[in-house]
Amino acid sequence: MKILVCIEPGHFEYREADAPLARPGESIIKIKRIGICGTDLHAFEGTQPYFEYPRILGHELAGDLVDLDQAPGFQPGEAVTIIPYFNCGKCIACRTGKPNCCTTIKVAGVHIDGGMVEYLSVPSNALVHGNGLSHHQLALIEPLAIGAHAVRRAAIQKNEFVLVIGAGPIGLGAMESARIAGGEVIAMDINDDRLKFCREKLQILHTVNPSTNAVDQIRHITRGDMPTVVIDATGNRKAINDGFQYMAHGARYVLVGLQKGTIEFSHPEFHKREGTLMSSRNATREDFEKVIAFMKQGLIDPTTYITHRIPFDQLKDGFKSLLDPANGVIKAMVEL
């Protein structure tokens with residue numbers, strides 16, 4: 001089979017490899033769609049934490065089952081996606097219902113090789129039923145589940161202002177889940193085209209470009225209160241640090257985006273707000289199932305996020321263009 005390997009930052013290479021054979025407790029998927037996410041882009045740039053090269057990227061996946069073992073309820077030929085975070089099942093996180101932050105977690109395409117292949121073997125307990133959704137929809141469940149998990153962590157209440165910083169796919173997913181939870185969403189991004197997308201496609205009423213008086217804009221929108229929930233989905237150090245100033249008194253700040261360095265904030269300013277700071281890592285099966293239900297109910301149509309479609313055999317040469325803001329990429333989808 002053909003595989004695409006990120007040899008080092010900025011360098012992809014196609015190679016031939018043996019197709020996997022089913023092992024006990026594993027199933028084999030013929031990959032049909034691969035969503036390109038921020039992790040893939042950061043890995044290509046060389047800015048992704050927890051990363052080693054060479055690596056096969058890709059964890060937003062959809063395909064068809066071709067072989068399976070210990071997968072009750074699944075059938076060969078069925079369209080599926082996967083939960084691409086493989087956990088140990090024994091550590092303190094796994095024992096307390098948080099397999100998404102397992103102490104020895106292996107994320108496909110990050111810690112272990114991922115889905116930029118024609119056939120992929122995965123633990124059977126990672127399979128997720130397609131439920132009649134298309135391959136495009138199935139490949140978008142994982143990033144939406146990350147946003148849904150962040151919103152669940154934030155415990156959003158009806159009518160409270162929720163500022164989501166970063167209008168990429170993860171941020172869009174957080175906005176969608178926050179809206180469904182009853183929050184009044186404010187979208188923030190430095191890219192006016194992405195803010196326009198939020199207004200036109202997601203019907204987000206409030207959008208803010210932080211390049212001009214962000215605090216004043218947000219204070220006006222919130223009628224002086226500031227948001228009681230702030231979610232960062234940028235993975236940008238400056239954006240994360242700036243996010244503290246947007247918090248209302250009593251607010252929760254949820255970090256979904258990840259960067260390599262330290263974060264800095266004024267302790268007195270944070271303390272006087274009695275703020276809550278938390279991270280949100282990956283997602284759980286509950287989040288995946290919630291997103292599938294949203295799609296089936298017509299509450300989310302993530303296929304509108306797809307701005308670029310790329311055949312797998314053109315990805316090596318076309319990948320770098322996805323990093324250029326001038327190309328207006330929101331979500332790129334690889335097709336096999």
Side-chain angles (χ1 to χ4, degrees), residues 6 8-10 37-53 55 57 59 85 87 91-93 96 98-107 109-111 143 146-147 149-155 162-171 173-174 186-191 194 208-211 213-215 218 226-283 323 325:
C6 189
E8 60 186 9
C37 77
T39 299
D40 303 320
L41 298 173
H42 294 156
F44 185 76
E45 291 177 315
T47 59
Q48 176 64 30
Y50 317 131
F51 205 83
E52 295 179 355
Y53 302 86
R55 178 67 68 222
L57 307 182
H59 61 263
Y85 333 116
N87 63 296
C91 72
I92 180 62
T96 53
K98 295 180 72 67
N100 54 300
C101 61
C102 169
T103 60
T104 56
I105 199 165
K106 303 296 183 186
V107 179
V110 181
H111 310 101
I146 290 176
H149 186 72
V151 166
R152 185 155 62 92
R153 292 274 286 149
V162 180
L163 172 65
V164 180
I165 308 170
I170 300 296
I186 306 168
M188 175 181 283
D189 203 284
I190 58 173
N191 186 318
R194 289 197 168 190
V208 173
N209 188 320
S211 61
N213 302 316
V215 172
I218 295 169
M226 304 302 284
T228 46
V229 175
V230 179
I231 298 174
D232 177 82
T234 67
N236 176 277
R237 184 173 183 267
K238 183 180 186 305
I240 291 169
N241 288 342
D242 286 347
F244 287 92
Q245 67 185 314
Y246 308 135
M247 296 174 66
H249 282 240
R252 293 93 75 199
Y253 188 9
V254 184
L255 303 183
V256 185
L258 177 66
Q259 48 85 42
K260 281 187 170 182
T262 58
I263 56 175
E264 299 175 1
F265 56 92
S266 165
H267 189 177
E269 288 295 318
F270 184 74
H271 190 89
K272 76 180 184 182
R273 288 169 168 79
E274 198 178 52
T276 300
L277 175 64
M278 65 184 86
S279 62
S280 180
R281 189 178 185 193
N282 301 322
L323 294 162

Closest heavy-atom contact between [X] and [Y]?
X    : Y    : answer
G109 : R55  : O-CG, 3.7 Å
R273 : M247 : NE-O, 2.9 Å
E264 : N241 : N-OD1, 2.9 Å
I146 : A283 : N-CB, 4.0 Å
G46  : Y53  : CA-OH, 3.4 Å
T234 : I165 : CG2-O, 3.3 Å

[X] side-chain N/O to [Y] backbone N/O, donor-acceptor pair under 3.5 Å:
X    : Y    : result
N209 : I190 : yes
H271 : H267 : no
Y253 : I240 : yes
D189 : A167 : yes

Hey, what do you get for [atom1] ([X]) to [atom2] ([Y]), rounding to the nearest 0.5 Å?
X    : Y    : atom1 : atom2 : answer
L255 : L277 : CG    : CG    : 5.0 Å
D40  : L57  : CG    : CG    : 5.0 Å
S266 : F244 : OG    : CZ    : 10.5 Å
E8   : F44  : CD    : CZ    : 10.0 Å
I105 : N100 : CD1   : CG    : 6.5 Å
N191 : S211 : CG    : OG    : 11.0 Å

Evaluation steps, side chain to side chain contact (heavy atoms under 4.5 Å, CB included), between R281 and Y85
CA-CA 10 Å; R281 189 178 185 193; Y85 333 116; over 6 Å; no

Would you call [X] and [Y] a side-chain contact if the rule is heavy atoms closer than 4.5 Å?
X    : Y    : result
I218 : P227 : yes
Y246 : P210 : yes
V229 : V151 : no

Show the numbers, then the answer: is there a side chain to side chain contact (heavy atoms under 4.5 Å, CB included) between M226 and L163?
CA-CA 9 Å; M226 304 302 284; L163 172 65; over 6 Å; no

Taking it one step at a time, do R252 and V230 satisfy side chain to side chain contact (heavy atoms under 4.5 Å, CB included)?
CA-CA 6 Å; R252 293 93 75 199; V230 179; over 6 Å; no

Verdict with reasoning, I186 to M188, per side chain to side chain contact (heavy atoms under 4.5 Å, CB included)
CA-CA 7 Å; I186 306 168; M188 175 181 283; 5.7 Å; no

